Each structure stands twice: as structure tokens, then as C-alpha cells.
Amino acid sequence: MLDPIDSSVMRWSDFAAGWPNVTGGCLAALVCWVSVGWAAYRIAARRLADESLAVRVAAAGVFAIAFVICLMTVLGHANLLAIFPVSLSCLTFAVAAHFVRPAGVQKTAASHVDMIHWTGERVREGYAVAFCIVAVLVFQAVMRALRCPPLSWDSLTYHAFLPARWIQLEGLAPFAAPGAMDGYRALPWNMELLAAFAILPFKSDLALNLVNLGIFPIAAVVSYAIARELGAKPGFALWAPLLFCTAPPVWHLATTQYNDVLVAAMLGAGILFLIRWHRTSKRALLIAAGAAFGIACGTKYTALPVSLAAFAFVFTRICMDRNRVAGSYRALLIAAAVAAACGADRYIQNIREFGNPVYPFEVVLAGHTLFDGSPMQAEILHSTPRGHRIDDWPVLKSMFTSGRITWGPIWLLVLPVALASSFFLPRNHSNAKLRRLHAVIALLILFALVSYFLPDDGIPERTRRQFHGSSQRMLALPMMLAAALASSLASQWKWPAGVAPVIPTAFVLINVWNGKFPQPPSLTETCLVTLAFIILLCAVNGPRIEQLRLLTWKNPWRHAVIALILFSAVVPAVYFLEAKRNTSRYSHYAASTDYHDIPRYLTGAWQAVDDPDHPLVVALVDQRHDRPDRRITRAALEWFFYPLLGSRLQNRVVHASVYEQADIPSRAFWGGNQPCTNAATWLQNLERLSVDRIVVTPHAHPELDWIEARPHLFQSIRLDTDVRVYAVNKSALAATNLHFDQTAAIDTNLEYPEEK
């Protein structure tokens, strides 16, 4: 067995079996991703033909994500999460969009040309340096995403594990395990559905780290469009995306599977569409807002307050304005139905399974408990130090100091300017509505900030005090709105010639320096990206782009030839890239960091169970049997299931119960009803689940005691200081005379049994 840090040697055998899979994966990715993106933009261009290009692009992003989520949800419940049904559905969506009346799509090519000329104008204004910095950052992120496996803590526990498991099983099968998994499996899963959509074509994690990078352009366009709606001029509106997207708490999520960027982008898009609906009364904007808010609520519970407030605003506005009543209620019902389709599924599943739509969190209103939460969450609250209100001051101060994932000192200037923006706009009659919009957005920012720091009990209070560094991403939406407000106010001031673009460029540089991004690009990579961007800048500032005749070709065969050439170049590149990243996977696990650090002691065990040519059934055993009156166990947060799936996601990961019933969830265990562990039951479960390997931590009692007492059943294949790997002797285990009920149903993937 190679040591993890020495496993980067490439072998021809790593290439031999992968060629058909990579070719098919590239073709499937082309069909799925291009079909959905093209169809979504065509629909947005048709229904929102009179809107700006930024609004149409934002709507296209929302429609594409909404379609993917609805598709994966329906096919997942039908156990049809396979490449053929998904590809066929995407093609059907594209064909249906093709027959949309082309009146609003005729100006698509012209819009692309206008966008390039707009870029040229911004370059001439002095934004070339900022664009080059962003290009280098994007190149670094893409290369990092393609080189490294998922590395972030929550991705290894559930953000990446659950979608990979769904693709293995071709359905949305729940995963039952004690500890924090009892709550993880109940959280909204829209981000995981998008991750599953990225895993599906290649049946590997090759494109998994690109999911957030695909969401970032939507967030950038949304922040730009909001700034424009707030009165910012085009050049100044660029301040918002440049400032927001390069902020360390946001940009450090680029190659992870964390869902905060998606939540901020969708909430921002919903706010943008409501602003446009309020001004134009266009019902398509209201439906698009419903899709955006539904996606956000189906991604994270923190989106609920803003989404409910938005619904209340729309309903009140319709009731107050008689001119809007005719047909508006129907549009509102359609928007609510779209929102439910995009986000209500997990809430319905939680009601059916737990009797609480927002499980694992407790819902208390006026001192009365409406829905019981997870006892596991209660134990976390009981065992985590609360601190005092005075402890919030260091948390607040650390948000605006230089640190790897802090907002940094820039926002000490941006936030006050944003909150005071409505008081400094020109006070004439034409800007009265604009001042009111500024005030509403400022109140929304203030509400988000206060709600983050105001609670002095429960999960929010402990999160901001114990995990204040990693929890700053929760403020992504108010920071996006603050950047838009500040850029709008800045555009009202008189700036000396050439000074205005220098400020956002300096802000970007400060963000990059403040973030201290890990593994910066090499000098060669930086030079290549900069050279390519200089060539692009020369192109947009040279002859008119129409003379190139690339975007206005009407002959489809020319586009087909170009697509074939690009596809022929991409397939070999992807082929060698995947082989290379698989051989260096455990070197990255042992040394690389993404967002925040992970324990390294499990790396050797992960490599020990990874044999792509021989799929295994792997059971993970970790410390979880301490009594509830003791401090919470490490396993509550360290269920690192994803790496056990293997480099090609070939392994099956299971949880073998030690209890007399098929499985006892953490809500029963931490609720004080401590069941008895049973060695015979555990051995029975190992046999029925056909477990090949067991990954065990030294403190995983009582399983470790049972394993060491039965050397004829368990062969040690790796002994490290903090983790051990055992091979299960299946024939000996089957021959062992165990006394158990042969008719007992053992299924750890379905519903929990009733508590005794």
C-alpha cells in the first residue's frame, strides 16, 4: 500500500479503463449542461424580452437551476437517477424551448455583441487591471477544482456524500446513522441535487468542485443588476460584483459544496425580480421571483425569513393596488406553486418522517414548542459553552480584521455607506422612489445583521461564538446588498477622471491579500492567463466584433463543426486530467486545505479501502456510544463518509447498527432512552450488509472490543495511531453460530423504527 504522500505516480493502467467512461461522460455533460443552459436562456429571453441583458441572464440562471432541481427530485423519487433518463429529459426541455416563439430571441446574438462592446467600454474606463485579477482568480479556482477532490469538512460528511450515494443507488435513498447524520439527512437538499447533477455524467467527482463556480456568475450578475436598479451607472455597478465575489468568506466557497453562495444568489435574484415587478407589473418576473425564493428555501433554512417577507410584500402590494388585482392573484398562485416545486420537497419529507418541517431544529413561538427538534441538537447546546453577550464583541471585531475567511477592513467603510445611502441621494422629486428603495434595502441589511447577533440562546448564538470564522458566510446576502448600495451612492459623486476604477481594483487587491488564498497560481499560470486576457482586451477594443462573424453565423453546420473540434480537444484533456487527479487524490487529502482544515489521521484508511477495480462494502465505526450526560462525542461532527466511496465512487458505504433493532437514531439515543448494544446483532448486520472492510477509530467502543476479541473474523490490514482498517472474513462470519432471529428485517437505509 502506497503512502498517501507518495501516491502521485501515474500508471498506464490508470488510463486503460477510463477512456469509454470519459468520452461518454463528456458527451453526457454536453447534452445535459448545454441543453439546460441554452433552453433556460431562450425562455428567459422570450418571456423577459424587454428587460436588460443582466436581468435576462439572472432569470436564465434561476430557470436552469429550477429545472435541474425539479428534474432530479422527480427522477430521484422514481429511482431513475441514471444518465439516460436525465439526458433524455434535458433534451426534451431543449426541444420544447426551441419551439418557443422566437420574437424575443432574435436579439440574442445582438445582445452578446452588445455585451462585448460593454466590456470594451469598461476596459477603456480603466477596469482592465481588475478584470485581469479576476481572470487569474477564476483560472486558479478552475484548476484547483479539477485537480483536487472535495476537501471541505461538510462536503466530506454530507454535502458530497449524499449526492454521490444517490447516483450510486439511482434514487433519493435516505442514509440513517447516529450522531449528526440524523440532522444532516433532514436538511434542505437543493445544493446536493445540483451536486448529483454534476456527478452523474462522469460517475465521479471530476466536475463536483465546479458547481459553486457555476453559481458565481449568477451571483455576480445579480449584484450588478441590483446596483443598476438602485441607480448606479454601468461602470460603478461593477463595484458590487467585484467587491462581493472576491470577499474571502464568499470566494473561499468557490471550490466547495457549501450552499451559502447559492442561497445569496437566489435571494438576491428574487429581490431583483421583485424590484422589476414592482416597476413594470410583468407577471413573468413574479414567477421568476417565486422560483428564486423557492430554490433558496429548498437550499437552507436561513432563507425562510426573507422569502416569507417577500411573499407578504407581494400579497400586500397586490391588495393595495387595484390596478394590479386583475390576474395578479393568479400569477401569485403560480409563483407560489413554482416556489413549492423548487423547495418544498424536503419540508414535506420531514413532516412525514419527523413531524417537524424544519427538523432538526426546534420551533418555539411565544414560549410554546410548536415542533420538537432533534435531541442531538439539544445535546450540542448543552455541551457547548454559551459564553456571554460581551463575547460577541470579539466576534464582531474579528469580522473586519485581516484573516483568511473574514470580511476584512473594507466592509467597515462599505456597510456604513450602504446603510446611510438613502440620506445622501439627491433630494429631488424624481429620486423619491429611489430613496425609498435604498431605505428598504438598507433596512433589509440591518435586519440580517441584527438577526445574526441578536439571539442570545440556541444554535445561532453558539454558532457565531464557537465557529465565528466559518459562519461569516451566513452574511453573504446582506453583504451583496451592501455592495450594491455603496456602488449606487458612489455613482452619484463627482470623481476625477480615471480615479473611480482605481478604488474597486484596490478593493479586489485587498480582498485577495486579506483572504490569503491557499495554493496560489504559479508564475507561469499567471502569465498565461494575463496574456490570454490581454489578447481578449485587444479584440474587444479592435475592429467591430461583427466582422469576425462568429456570433452572427446563421449556418448551423458551421457551429456544428466548431463544436466537434472543441469536443475532440476536450475529451483527451479530460481523460488525462481525471487519471492524474485520481493518482494524486490522497496527496491532496494529506496536505491540501479548502475553506477550513480537516483531520488528516483518516487519510491512510481512506486509501486502504480504495481499489477501483474491486468495489467494496465499507462500514465506518466512530466514537458515538458515550452517555448523553457526558460531553458530546467527536463523532457528532466527524462522519467522514465521502472518501470511503473511493476515487471512482465504486464503494458502498453503510452503517451497521449495534442495537437490537435495525437502527436506533440519535434522537432516541440522545433523548435519554439508552438502548443496549448487542454484539450478536452487530455481527448479524455485518453479514446481512455484506461488509468487506471496517474503518475503526481507537475509541470506537464497543465495536473495537468485539473486533479484537474475534481475530478469526476480522483481519487487520492497516494499523495507524488514530484509525484502523479491518477486512471481514465473510465465510467465517457466515459459519459462526449466531443466535438471532432469522426473520428480522435489517435495513439501515429506510425509516427509523419506533422508540422503545
Side-chain angles (χ1 to χ4, degrees), residues 69 73 76-77 154 157-159 161-163 165-166 172-193 258-260 263 294-305 307-308 339-340 342-365 367-384 455 457-463 471 474 624 628 632 635-637 639 641 655 657 661-673 747-756:
I69 288 172
T73 301
H77 286 303
D154 288 1
T157 53
Y158 70 103
H159 279 316
F161 169 67
L162 292 179
R165 185 171 178 273
W166 294 339
L172 301 177
F175 184 77
M181 287 303 297
D182 180 52
Y184 289 161
R185 64 186 292 267
L187 296 176
W189 56 20
N190 278 355
M191 186 64 182
E192 285 70 36
L193 291 173
Y258 283 72
N259 51 27
D260 301 273
V263 173
I295 294 170
C297 292
T299 304
K300 202 164 190 174
Y301 291 138
T302 54
L304 285 171
S307 301
L308 294 176
C342 295
D345 183 69
R346 186 64 256 180
Y347 294 85
I348 296 173
Q349 298 294 328
N350 285 346
I351 291 175
R352 293 176 54 189
E353 188 171 352
F354 306 104
N356 178 0
V358 294
Y359 190 86
F361 300 103
E362 183 183 27
V363 179
V364 179
L365 181 63
H368 299 283
T369 301
L370 300 181
F371 300 104
D372 292 326
S374 168
M376 178 69 186
Q377 295 288 344
E379 176 60 24
I380 292 176
L381 295 180
H382 175 72
S383 60
T384 305
D457 189 26
I459 294 294
E461 170 257 341
R462 285 160 173 79
T463 299
S471 65
M474 310 284 184
R624 65 179 186 274
I632 194 161
L637 300 174
W639 280 118
F641 289 110
H655 165 65
S657 175
Q661 295 177 332
D663 190 31
I664 297 292
S666 61
R667 65 176 179 273
F669 179 77
W670 292 106
N673 186 11
D747 191 347
T748 65
N749 297 325
L750 300 178
E751 298 181 355
Y752 290 133
E754 296 294 331
E755 299 177 14
K756 291 184 179 180

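The first residue in the sequence is number 1, and the count goes up from there. What you are looking at is a predicted structure, and each value in this text was computed from that prediction instead of being measured. All values below come from the heavy atoms of this structure, side chains included, with hydrogens, waters and symmetry mates left out.
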(message) So which atom in Gly298 and which in Pro188 form the shortest heavy-atom distance, rounded to 0.1 Å?
(response) O-CB, 3.1 Å

(request) For Gln349, check side-chain hydrogen bond (donor to acceptor under 3.5 Å, both in side chains) against everything at least two apart and list the hits. (result) none

(request) For the residue pair Trp639 and Phe175, establish whether any side-chain heavy-atom pair is separated by less than 4.5 Å. (result) no

(message) Tell me every residue that passes side-chain hydrogen bond (donor to acceptor under 3.5 Å, both in side chains) with Tyr158, counting only those two or more places apart in sequence or in another chain.
(response) none

(message) Donor-acceptor pair, distance only, cut-off 3.5 Å: does the side chain of Asp154 make one with the backbone of His159?
(response) no

(request) Could you tell me if the ring centre of Tyr184 sits under 6.0 Å from that of Phe161? (result) no

(message) Going by ring-ring contact (aromatic ring centres under 6.0 Å, His included), name the residues that satisfy it together with Tyr347, two or more places apart in sequence or in a different chain.
(response) Tyr301

(request) Could you grab the distance from atom CG of Asn350 to atom CZ of Arg185, nearest 0.5 Å is fine? (result) 8.5 Å

(request) Taking all heavy atoms of Gly183 and all of Pro360, pick out the closest pair and write down the distance. (result) CA-CG, 3.8 Å

(request) Kindly give the heavy-atom pair with the smallest separation between Ser307 and Ala303, and that separation in Å. (result) OG-O, 2.8 Å

(request) Taking only Lys NZ, Arg NE, NH1 and NH2, and the carboxylate oxygens of Asp or Glu, determine whether Glu192 and Arg346 approach each other closer than 4.0 Å. (result) no

(request) Flag the pair Met181 / Phe641 as yes when at least one side-chain heavy-atom distance between them is below 4.5 Å, and no otherwise. (result) yes

(message) Main chain of Thr299, side chain of Asn259: is a donor-acceptor contact present, judged purely on distance under 3.5 Å?
(response) yes

(request) Find the distance between CH2 (Trp189) and CG (Asp345) and round it off to the nearest 0.5 Å. (result) 5.0 Å

(message) My understanding is that only residues two or more places apart in sequence, or in another chain, count here; which of them pass side-chain contact (heavy atoms from CB on, under 4.5 Å) with Ile351?
(response) Pro357

(request) Hey, could you give me the NE2/CG distance between His77 and Leu172, rounded to the nearest 0.5 Å? (result) 5.0 Å

(message) Any side-chain to backbone donor/acceptor pair from Asn190 onto Ile69? Under 3.5 Å, distance only.
(response) no

(request) Could I get the full list of side-chain contact (heavy atoms from CB on, under 4.5 Å) partners for Asp372, not counting sequence neighbours? (result) Thr369

(request) Spell out, as yes or no, whether a donor-acceptor pair under 3.5 Å connects the side chain of Asn356 to the backbone of Phe361. (result) yes

(request) Report yes if the side chains of Pro174 and Leu162 come closer than 4.5 Å at any heavy-atom pair, otherwise no. (result) no

(request) Check whether any side-chain heavy atom of Leu304 sits under 4.5 Å from a side-chain heavy atom of Thr302, and report yes or no. (result) no

